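The structure appears right after this line, and notes come after that.
The structure displayed is predicted, hence computed values, not measured ones.
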Amino acid sequence: DNILNLVKEHVGDIISQNSDVPEEKKGQAVEATTHAIKSGLLDNISGLTGLFTGNGDSSIINKVENVVSNTLTSKVGLSAVTASSIASSVVPTIINAISGKIQDPNDKGFNLESVIGALTGGKDGGLLNKIEGFFGIGK
């Protein structure tokens, strides 16, 4: 819940300030963007460990931005320019916010395992251990 609330907070702020998003579509845009970010991260789950710990492949950000942009265009009906603008603003902001919380030793509510668990619905089945093992990270 912490992760999705963090995403919605940042997404909501960015979309509410975007004058190119019609007022009646802002709620739908926030929900679609939040879902698209989660989906985009899940599609690239093997790279998340490194990305959130500052050692990852930044191309994942571009992939997630494309998912968000396409979702806003197809499901909310925003123009490609507006959707791309939102995606390029929201995705790096979210990644940086999550990374900052994961790397903050004083923030006990966020760690890599909880983030992966939140994204996968808690059904990772040891996925985090597999990812950490693959990249030689962690334990």
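- Residues Glu65 and Asn62 have side chains in contact (heavy-atom distance under 4.5 Å, counting atoms from C-beta outward).
- One hydrophobic cluster holds both Ile61 and Ile37 under the rule that ILVMFWY side chains link at heavy-atom gaps under 4.5 Å.
- Closest approach of Val90 and Val11 over heavy atoms only: CG1-CG2, 3.4 Å.
- Remark: the backbone N or O of Ile95 is paired with a side-chain donor or acceptor of Ser99 at under 3.5 angstrom.
- Listed by first and then second residue, the salt bridge (charged side-chain N to carboxylate O under 4.0 Å, His left out) pairs involving residues 9-18 amount to none (not counting sequence neighbours).
- Taking both residues in full, the closest heavy atoms of Val76 and Ala32 are given as CG2-CB, 3.6 Å, listed atom of the first, atom of the second, then distance.
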Mind running side-chain contact (heavy atoms from CB on, under 4.5 Å) on Val64 and Leu41 for me, showing each step along the way?
CA-CA 6 Å; Val64 176; Leu41 292 174; 3.9 Å; yes
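- Taken from OG1 in Thr93 to CD1 in Ile98, the straight-line distance is 11.0 Å, to the nearest 0.5 Å.
- Screening residues 82-95 for salt bridge (charged side-chain N to carboxylate O under 4.0 Å, His left out) gives no qualifying pairs among residues at least two apart or on separate chains.
- Both Val91 and Val30 are part of a single hydrophobic cluster, where members link through side-chain heavy atoms under 4.5 Å apart.
- With sequence neighbours excluded, no residue satisfies side-chain contact (heavy atoms from CB on, under 4.5 Å) with Ser16.
- The minimum heavy-atom distance linking Pro92 with Ala87 is given by the pair CD-O, 3.8 Å.
- Pairs engaging residues 90-103 under the salt bridge (charged side-chain N to carboxylate O under 4.0 Å, His left out) rule: Lys101-Asp107 [sequence neighbours left out].
- The two residues Ala36 and Val68 make their nearest non-hydrogen contact at CB-CA, 3.7 Å.
- In terms of the side chain to side chain donor-acceptor pair (under 3.5 Å) criterion, residue partners of Ser79 (sequence neighbours excluded) are, by chain and number, Thr82.
- Scored by the side-chain contact (heavy atoms from CB on, under 4.5 Å) test, Ser89 finds Ile14 as partners (sequence neighbours excluded).
- Val7 and Ile60 fall within the same hydrophobic cluster, where Ile, Leu, Val, Met, Phe, Trp and Tyr residues are linked whenever their side-chain heavy atoms come under 4.5 Å apart, directly or through other members.
- The two residues Asn18 and Ser85 make their nearest non-hydrogen contact at ND2-OG, 4.5 Å.
- The side-chain contact (heavy atoms from CB on, under 4.5 Å) search around Ala80 returns none, not counting sequence neighbours.
- Nearest heavy atom pair, residue Ile86 against residue Ile15, reads CG2-CG1, 4.0 Å.
- Residue pairs meeting the side-chain hydrogen bond (donor to acceptor under 3.5 Å, both in side chains) criterion with at least one member in residues 19-34, sequence neighbours excluded: Lys8-Glu31.
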